[in-house]
Amino acid sequence: IHGDLTGWAKQGVLLLNCALTTVRKKSNAHAEFWAEYMDALICELDNLGVIFILLGEYAKKRASILVKSKDRVLTWGHPSPLNAKNKVECPENFKYCDVFIKANDILISEGEPPIDWNLDTEVQIPAANECIKLITNRVIKNTKKEVKRVSGRDKKEPAKKEPTNN
């Protein structure tokens, strides 16, 4: 398996980590730094009615901010080999993960095509790029509004009086 997830993206799958940066070998090192931004992004995605697949304990905590997609949240442990559940034979081992099957069941029940989760399949669906642009633009717009609100720059400044020559 090559690990190229482009085929998923072309089908509309958006993969996000709870933090977009970290320190090598230090899990969640920058998670608090990214928390507010990622929560805003997740809320925008929630407005679009997407299916959420939350992998790992930290990701599962994000489910509490979902409003519209509560019945479209699927969870499982993190697939990392560092996850203790993946080191032993137990029902929580990632090899028994069924969230991808459940996501397809939801899509099929709504008359949508299922995701081909096979990494070796070539898929030609351009809609994912447009979805990503839409979400990114909404998050940027809302982030700018929030920065203005917090900084007090959203209030109209009084008009400056022009000096008069008397």
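Treat the numbers as computed from the prediction; the structure is a model and nothing was measured. The figures that follow rest on heavy atoms only: side chains count, while hydrogens, waters and symmetry mates do not.
With contacts defined as side-chain heavy-atom distances shorter than 4.5 Å, the pair Glu89/Lys95 qualifies. For the pair Arg72 and Glu110, the minimum side-chain heavy-atom distance is below 4.5 Å. Between Pro79 and Leu55, the closest side-chain pair of non-hydrogen atoms falls below 4.5 Å. Proximity of Val73 to Ile51: side-chain heavy atoms (C-beta onward) are nowhere separated by under 4.5 Å.
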In sequence, state the C-alpha distance, the side-chain angles, and the governing distance for Asn83 and Phe94, and then conclude on side-chain contact (heavy atoms from CB on, under 4.5 Å). CA-CA 9 Å; Asn83 180 347; Phe94 194 76; over 6 Å; no
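Other residues, nucleotides and ligands contribute only 12 or fewer heavy atoms inside 6.0 Å of the NZ atom of Lys85. Atom CD1 of Ile108 is surrounded by more than 12 heavy atoms from other residues, nucleotides or ligands within 6.0 Å.
The same ILVMFWY cluster, assembled from side-chain heavy atoms under 4.5 Å apart, contains both Leu5 and Val13. Placement of Leu14 and Met38 within a single hydrophobic cluster is found when ILVMFWY residues are connected by side-chain heavy-atom separations under 4.5 Å, directly or transitively. Taken together through direct or relayed side-chain contacts under 4.5 Å among Ile, Leu, Val, Met, Phe, Trp and Tyr, Ile106 and Leu15 form part of one hydrophobic cluster.
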Identify each donor-acceptor pair in which a side-chain atom of residues 16-24 lies under 3.5 Å from a protein atom, sequence neighbours left out, and give them as a table.
from: Thr21; atom 1: OG1; to: His30; atom 2: ND1; distance (Å): 2.7
from: Thr21; atom 1: OG1; to: Trp34; atom 2: NE1; distance (Å): 2.9
from: Thr22; atom 1: OG1; to: Lys26; atom 2: O; distance (Å): 3.0

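When atom types are taken as modelled, the side chain of Asn93 and the backbone of Val88 share a donor-acceptor pair closer than 3.5 angstrom. Of the possible polar contacts, none joining the Trp76 side chain to the Tyr96 backbone as a donor-acceptor pair under 3.5 Å is found. A donor-acceptor distance shorter than 3.5 angstrom exists from the side chain of Gln11 to the backbone of Gly7, with no hydrogens or angles considered. With Asn104 contributing its side chain and Ile115 its backbone, the two residues share a donor-acceptor pair below 3.5 Å.
Between the OG1 atom of Thr75 and the NZ atom of Lys61 there is a distance of 14.0 Å, given to the nearest 0.5 Å. The distance from atom OG of Ser69 to atom CG of Asp71, rounded to the nearest 0.5 Å, is 7.5 Å. The CG atom of Asp46 sits 11.0 Å away from the CG atom of Leu41 when rounded to the nearest 0.5 Å.
The side chain to side chain donor-acceptor pair (under 3.5 Å) check on Asp39 picks up Arg62, with sequence neighbours excluded.
The residue from Val99, Leu74, Ile42 that alone fulfils the side-chain contact (heavy atoms from CB on, under 4.5 Å) condition with Phe52 is Ile42.
Closest approach of Ala103 and Ile53 over heavy atoms only: CB-CD1, 4.1 Å.
Ring geometry, Phe100 versus Trp8: the interplanar angle falls from 30° to 60°, so the pair is classed tilted.
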